[in-house]
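The structure appears right after this line, and notes come after that.
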Amino acid sequence: MILSMLLLHCLTTRTSRAYYNHLLSIRHSSSLSNTCCYSRYPSIIQSCIARKAIEPGKQLHARLLLSGLGIDAVLGTKLVNLYSVCNHLADAYNLFDRIPQRNVFLWNILIRGFAWEGPHEVAISLYYRMVEAGLQPDNFTFPFVLKACSALSALEVGREIHDHVVHSRWDSDVFVGAGLIDMYAKCGCVDDAREVFDRITKRDVVLWNSMMAAYSQNGHPSDTLSLCHDMATEGFAPTVATLVTIISAAADVAALPRGREIHSYSWRRGFEAQDKVKTALVDMYAKSGWLKVASTLFEQLKERRLVSWNAMISGYAMHGHANEALALFDRMKTEAQVMPDHITFVGVLSACSHGGLMEQGWKFFNSMQNDYSIRPMPQHYTCMIDLLGHSGRLDEAYKLIKEMTTAPDSGVWGCLLNACKIHRNVELGEIALGKLIELEPHNAGNYVILSNIYAQAGKWQGTARVRKLMTDRGLKKSIACSWVEVKNKVHAFLVGDLSHPRSEEVYSELERLEGLMKEAGYEPETMPVFHDVEDDEKRNMVRSHSERLAIAFGLISTPPGTRLLVTKNLRVCEDCHVAIKFISKIVGREIVIRDVNRYHHFKNGLCSCRDYW
DNA sequence: CTAGGGTTAG
């Protein structure tokens, strides 16, 4: 009946012929054709919401407007909900403004829409509008608006909302709590996150997961793992999110035995079959230097989504397998037709920079912007600066930084500083350090690099000045530490470490190797270089650098020919880099070192970094 | 007389 009224209405107004036909076609094709009773509309829209089917809902809305029947609060609310879940936020907002009686539910769904899809600022301003309208936010409002704060890293707003949470007594709710933990985590405040976590006594898995993720996202992967242990002790069963989080934590601490344990657990409990878990494993094995395993798992994925491609591409890239990375990028576009994103390009560009593929690098850097409309971020620039720096084109690198459309971060300047060290450019090095001091005043590593630049140039006053700057600021260099995994156990060594039970054998192995190295032409570094850690040490101390101890231990405790993987918390020093090249040739082994910013594959006297790091 | 929710890999 209504439909025929509508048709009549169309004929009597100046509605176009096309629209008339359109309505006719709805009559014949749509599932709504037989339901012209107003009282059934809410349930129809409800089913649209469940199916996220925007079109029938829109048509129904249009029909209602034309019919002049008006839209009551129930129907209006449902339509706002439909628009909101289908990401038609402008429509949702318009309709929202026309509904006179707005309850908390209506506000919540609109806030949710903007919190999920952005602009996130709108979600926050809606929240404040709601409070000003005299409504009390509830246990649904808070998680939504906190999500918007997380996305914006809006700490001040977040804290204020936390106040509201406490005042309205929702602070023991797990949903609100998880929202708060995530907000604090994304703002870099792990301690506040932990406080929220500790205050909630009736926890659930998601709350545990949120806290583990908070640690993981803020560079405390070992806290993630120990919290997981606590969770198990309290009898909670892990979920997919738990596994994904702890696998990435294990990848970050390079605790491969731990990672393998988690892998086998995942397999026993049937989690490994899940693509999300498998992708986390791909990342973990890649970071631990097991690219073969990573690739096998990658090929097993049921559906390769963007994140999986990214994990595998950057896995190849970080180990310097540029061709494999680029071939995979090609496969991703042609075979899978997955759209690359900014992270894909970080992988692709770092593959180019590690492989020294200057031309390709520029090609991808331009294509990223022109063909994919991705605005370059600091990480992309870092790759390009690395490429330019590699070939000594420092002025061009500096020019590129000045042309950047976003603010250069510490990675960009650090990359330039490093290039200055390698090509002994004091002038630009000073500029880079100046910027780095502004950006991260407490990172001792930066000062050390500049000091080395001065030392290499024989500018001793410069070296002294940098050292004084460091003492004035109370900066201490972190203690160097290297790990090596032997028979599923991690062995850690500090500089000059004598605490390992097999120390004596380790040192005599080093002595034996040094003899062979000297025969092969190795000369220990004599220049008084201010090393990352061991600045004042005598030449014979170089021998006891942590990475050498770890390598020597690895050599004496594994069968000949076994590949070694050593992880170091700082950069590999110049002298050790030379020494390890000799060692790899003498013992005929592949030695992989994962230092703070890259992987070095030493094989047959050469290193994959081509002596640039 | 209802509807709506927090965590997860690169």
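Reminder, nothing fancy here: chain letters follow the sequence lines and each chain counts from 1.
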Would you classify [X] as touching base, sugar-phosphate or nothing, given that sugar-phosphate means primed atoms plus P, OP1 and OP2, and contacts are heavy atoms under 4.0 Å?
{"X": "A/Lys78", "answer": "base"}
{"X": "A/Leu207", "answer": "base"}
{"X": "A/Thr279", "answer": "base"}
{"X": "A/Ser308", "answer": "nothing"}
{"X": "A/Trp116", "answer": "sugar-phosphate"}
{"X": "A/Phe144", "answer": "sugar-phosphate"}
{"X": "A/Gln217", "answer": "sugar-phosphate"}
{"X": "A/Leu306", "answer": "base"}

Could [X] and [Y] be counted as a cation-pi pair, given that NZ or CZ must be under 6.0 Å from the ring centre and within 45° of the axis?
{"X": "A/Arg269", "Y": "A/Trp267", "answer": "no"}
{"X": "A/Arg203", "Y": "A/Phe236", "answer": "no"}
{"X": "A/Arg260", "Y": "A/Trp290", "answer": "yes"}

Exercise for the section: Using heavy atoms and a sub-4.0 Å distance, could you list which residues of residues 181-201 of chain A are near DNA chain B? By number, please. Expected result: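 Close to the strand are A/Asp182, A/Lys186.
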Exercise for the section: Name every residue in residues 149-173 of chain A that has at least one heavy atom under 4.0 Å from any atom of DNA chain B, in order of residue number, or write none if there are no such residues. Expected result: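 Here the set is A/Asp173.
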Exercise for the section: Kindly assign one of parallel, tilted or perpendicular to the pair A/Phe365 and A/Trp362, based on the angle between their ring planes and the thresholds 30° and 60°. Expected result: perpendicular
Exercise for the section: For this output row, return yes or no: ring centroids of A/His164 and A/Phe142 closer than 6.0 angstrom. Expected result: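 Not close enough - the centres of the two rings lie 6.0 Å or further apart.
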Practice task
Please confirm whether A/Phe114 and A/Tyr93 have ring centers closer than 6.0 angstrom.
Solution key: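 Judged by ring-centre distance (under 6.0 Å), A/Phe114 and A/Tyr93 do meet the cut-off.
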Handout entry: Any residue meeting side chain to side chain donor-acceptor pair (under 3.5 Å) with A/Ser367, in chain and number order, not counting sequence neighbours
Key =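 Partners of A/Ser367 by the side chain to side chain donor-acceptor pair (under 3.5 Å) criterion, ordered by chain and then number, come out as A/Asp371.
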Practice task
Start with the C-alpha gap between A/Phe96 and A/Trp107, add the side-chain angles, then the distance that decides, and say whether ring pair (Phe, Tyr, Trp, His ring centres under 6.0 Å) holds.
Solution key: CA-CA 8 Å; A/Phe96 169 89; A/Trp107 284 95; 4.9 Å; yes
Problem - Bounds of contact between DNA chain B and chain A, in 5' to 3' order, using a heavy-atom cut-off under 4.0 Å - result: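 Range of nucleotides touched by chain A: B/dT2 to B/dG10.
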Exercise for the section: Please list, chain by chain and in numerical order, all residues satisfying ring pair (Phe, Tyr, Trp, His ring centres under 6.0 Å) with A/His162, sequence neighbours excluded. Expected result: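 For A/His162, the residues satisfying ring pair (Phe, Tyr, Trp, His ring centres under 6.0 Å) (neighbours in sequence not counted) are A/Tyr184.
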Problem - Partners meeting ring pair (Phe, Tyr, Trp, His ring centres under 6.0 Å) with A/Phe271 (sequence neighbours left out) - result: none
Exercise for the section: Apply the ring pair (Phe, Tyr, Trp, His ring centres under 6.0 Å) test between A/Phe329 and each candidate in A/Tyr372, A/Phe364, A/Tyr316; give the one that qualifies. Expected result: A/Phe364
